[in-house]
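Read the structure below first, then the notes.
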Amino acid sequence: MYKQNAEARIKALADKKDWNILAFETSCDDTSVSIVRNGRQVLSGCISSQIEIHNTFGGVVPEVASRKHIENIGLVLDEAMRQAGMDYGDIDAVASTYGPGLVGALLVGLNAAKSVSLSLGVPFVGVNHMEAHVCANYISSPKLEPPFLCLVVSGGHTQIVAVNSYSDYKILGQTLDDAAGEAFDKISRELGLGYPGGPYIQRAAEGGDPKAIPFPKARIKTNELDFSFSGLKTSVLNYIHNNKDINVNDVAASFQYTAVSDLVSKTMLAAEKYGYKKIALAGGVAANRLLREMLGAQASKRKKELFVPEFEFCTDNASMVACAAYYKLKRGLYDDLSMNANPALEIGEV
Ligand code: KG4
Ligand code: ZN
């Protein structure tokens with residue numbers, strides 16, 4: 001029944017000008033539902049954040065995240081439909097992130113999307129969360145098209161990705177240990193600032209000297225485009241533990257400057273090496289002001305065009321998931337209702 005309905009709907013879409021996609025995102029601690037038209041026009045985007053709850057634990061507690069998603073998802077869906085002024089009959093496909101992320105959290109969005117698609121008789125589309133982060137750029141920059149290079153920096157990932165088409169992603173370099181966002185989060189916690197760490201470190205850094213403490217940059221012997229943040233993280237944590245009177249602003253500024261310069265120099269190196277003229281930023285850490293400024297300055301110096309998503313599309317949101325689903329659907333692809341969550345899904349993996 002599902003397959004026949006989905007196939008019939010896919011055929012009907014060929015003659016339809018506007019495709020409205022309803023999407024769910026529950027891979028971590030945000031419950032988000034969006035409705036997006038033709039991949040790039042956001043009709044509604046609702047997010048229920050769990051930050052306050054997880055902040056009391058100093059990080060995301062997976063079981064708590066799943067329970068909050070199940071409580072909130074119906075309400076967020078209802079609000080997204082209301083804000084878009086839509087009937088369920090206007091929805092052409094339903095999408096959800098299926099990985100990477102926390103398995104219990106992913107299952108909530110995945111199951112909600114499958115249920116809605118089954119009851120509406122429209123295709124269900126599973127989306128790779130990291131590809132969705134890249135797609136956030138299509139929403140913020142309506143004219144952007146592949147090929148381009150994308151620096152994907154989030155709480156769990158740090159990757160330089162070649163985006164050669166809407167479906168062809170290749171990792172050129174990535175972290176060998178911690179993700180950049182993870183280092184921001186751990187150091188923020190150690191400084192007693194709060195969760196998630198990025199915005200707190202950024203704020204503290206504004207009052208500090210980025211050259212005050214010379215934290216070491218990682219030296220990678222294998223791939224010059226790979227990253228390593230565990231050495232930097234340990235050296236910042238050691239500095240905090242071994243010094244009685246630390247200047248929190250200087251520590252935050254020096255750490256942020258060291259991490260960001262490394263991200264910027266390797267991204268530029270990759271762009272030169274592989275001849276990309278367009279560079280994009282994606283993921284939660286892409287909200288970082290210094291990263292946006294330094295990458296912008298380097299890009300214009302080397303005559304590259306930089307694309308940066310608006311802040312609301314950098315961190316987790318369902319609009320980017322709807323956008324990724326649109327390009328999958330455009331290729332006639334949709335998924336079976338047996339699709340499972342894949343917590344360790346890689347970018348470019350099917
Ligand atoms: O993409 P995201 O919302 O969730 C994941 O898929 O991981 O990224 C969350 C990460 C966290 O580590 C958070 O500290 C970081 O993004 N982040 C920032 C900033 N805003 C969020 N890092 C640096 N500067 C920021 N302004
Ligand atoms: Zn994310």
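Atoms within each ligand, like the ligands themselves, are counted from 1 in listed order.
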Evaluate the criterion salt bridge (charged side-chain N to carboxylate O under 4.0 Å, His left out) for residue pair Asp178 and Lys233; output intermediate values, then yes/no. CA-CA 9 Å; Asp178 293 348; Lys233 184 190 73 186; 2.7 Å; yes
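The Zn ion (ligand 2) has no N, O or S atom of His157 inside 2.8 Å of it. Contact annotation: Cys28 places no N, O or S atom under 2.8 Å from the Zn ion (ligand 2).
Numbered from 1 in the order shown, with element, the atoms of ligand 1 that lie under 4.0 Å from a heavy atom of Ala287 read 20 (N), 26 (N). Remark: ligand 1 atoms within the under-4.0 Å shell around heavy atoms of Gly181 are 12 (O). Every atom of ligand 1 is numbered from 1 in the order shown, and the set under 4.0 Å from a heavy atom of Pro199 is 19 (C), 20 (N), 21 (C), 25 (C). Atoms of ligand 1 lying under 4.0 Å from any heavy atom of His133, numbered from 1 in the order shown and given with element: 1 (O), 6 (O). Ligand 1 places these atoms under 4.0 Å from at least one heavy atom of Gly156: 7 (O).
At least one N or O atom of Gly198 sits closer than 3.5 Å to an N or O atom of ligand 1. Between Gln202 and ligand 1, an N or O atom pair is found at a separation short of 3.5 Å. Backbone and side-chain nitrogen or oxygen atoms of Pro196 are examined, and none is located within less than 3.5 angstrom of a nitrogen or oxygen of ligand 1. The shortest N/O to N/O separation between Gly155 and ligand 1 falls below 3.5 Å. For a threshold of 3.5 Å applied to N or O pairs, the pair formed by Glu182 and ligand 1 contains no separation below that value.
Side-chain atoms of Gln256 and Asn288 include a donor-acceptor pair closer than 3.5 Å.
The distance from atom OG of Ser34 to atom CD1 of Ile139, rounded to the nearest 0.5 Å, is 7.5 Å.
With a 6.0 Å radius and a threshold of 12 heavy atoms from other residues, nucleotides or ligands, Lys211 has its NZ atom at or below the threshold. Taking a 6.0 Å sphere around CZ of Arg67, one finds it holds 12 or fewer heavy atoms contributed by other residues, nucleotides or ligands. Other residues, nucleotides and ligands contribute over 12 non-hydrogen atoms within 6.0 Å of the CZ atom of Arg331.
Among Ile201, Thr315, Asp30, Asn288, the residue whose heavy atom lies closest to atom 24 (N) of ligand 1 is Asn288. Distances from atom 16 (O) of ligand 1 to the heavy atoms of Pro100, Ala179, Gly284 put Gly284 nearest.
At a heavy-atom distance under 4.0 Å, no atom of His157 approaches ligand 1.
Annotation: cation-pi pair Arg9/Tyr334 absent, no NZ/CZ under 6.0 Å from the ring centroid and within 45° of its normal.
Leu144 pairs in a side chain to side chain contact (heavy atoms under 4.5 Å, CB included) with only one of the listed residues (Ser141, Pro146, Ser140, Pro142), which is Ser141. The only option from Asn72, Thr26, Asp29 that meets the side chain to side chain donor-acceptor pair (under 3.5 Å) definition with Ser48 turns out to be Asn72. Just one residue in the list Glu25, His69, Met320 forms a side chain to side chain contact (heavy atoms under 4.5 Å, CB included) with Ser32, and that residue is Glu25.
With the Zn ion (ligand 2) as the vertex, atom OD1 of Asp316 and atom NE2 of His129 span an angle of 100° (nearest 10 degrees).
The closest approach between any non-hydrogen atom of Gln256 and ligand 1 is not below 4.0 Å.
Summary of contacts: the protein heavy atom closest to atom 6 (O) of ligand 1 is His129 NE2, 3.2 Å. If you check which protein heavy atom lies closest to atom 11 (C) of ligand 1, you get Asp185 OD2, 3.6 Å. Nearest protein heavy-atom neighbour of atom 2 (P) of ligand 1: Asp316 OD1, 3.4 Å.
We find that Glu206 and Arg289 are joined by a salt bridge, their nearest charged nitrogen and carboxylate oxygen being less than 4.0 Å apart.
The aromatic ring centres of Phe57 and Tyr195 sit 6.0 Å or more apart.
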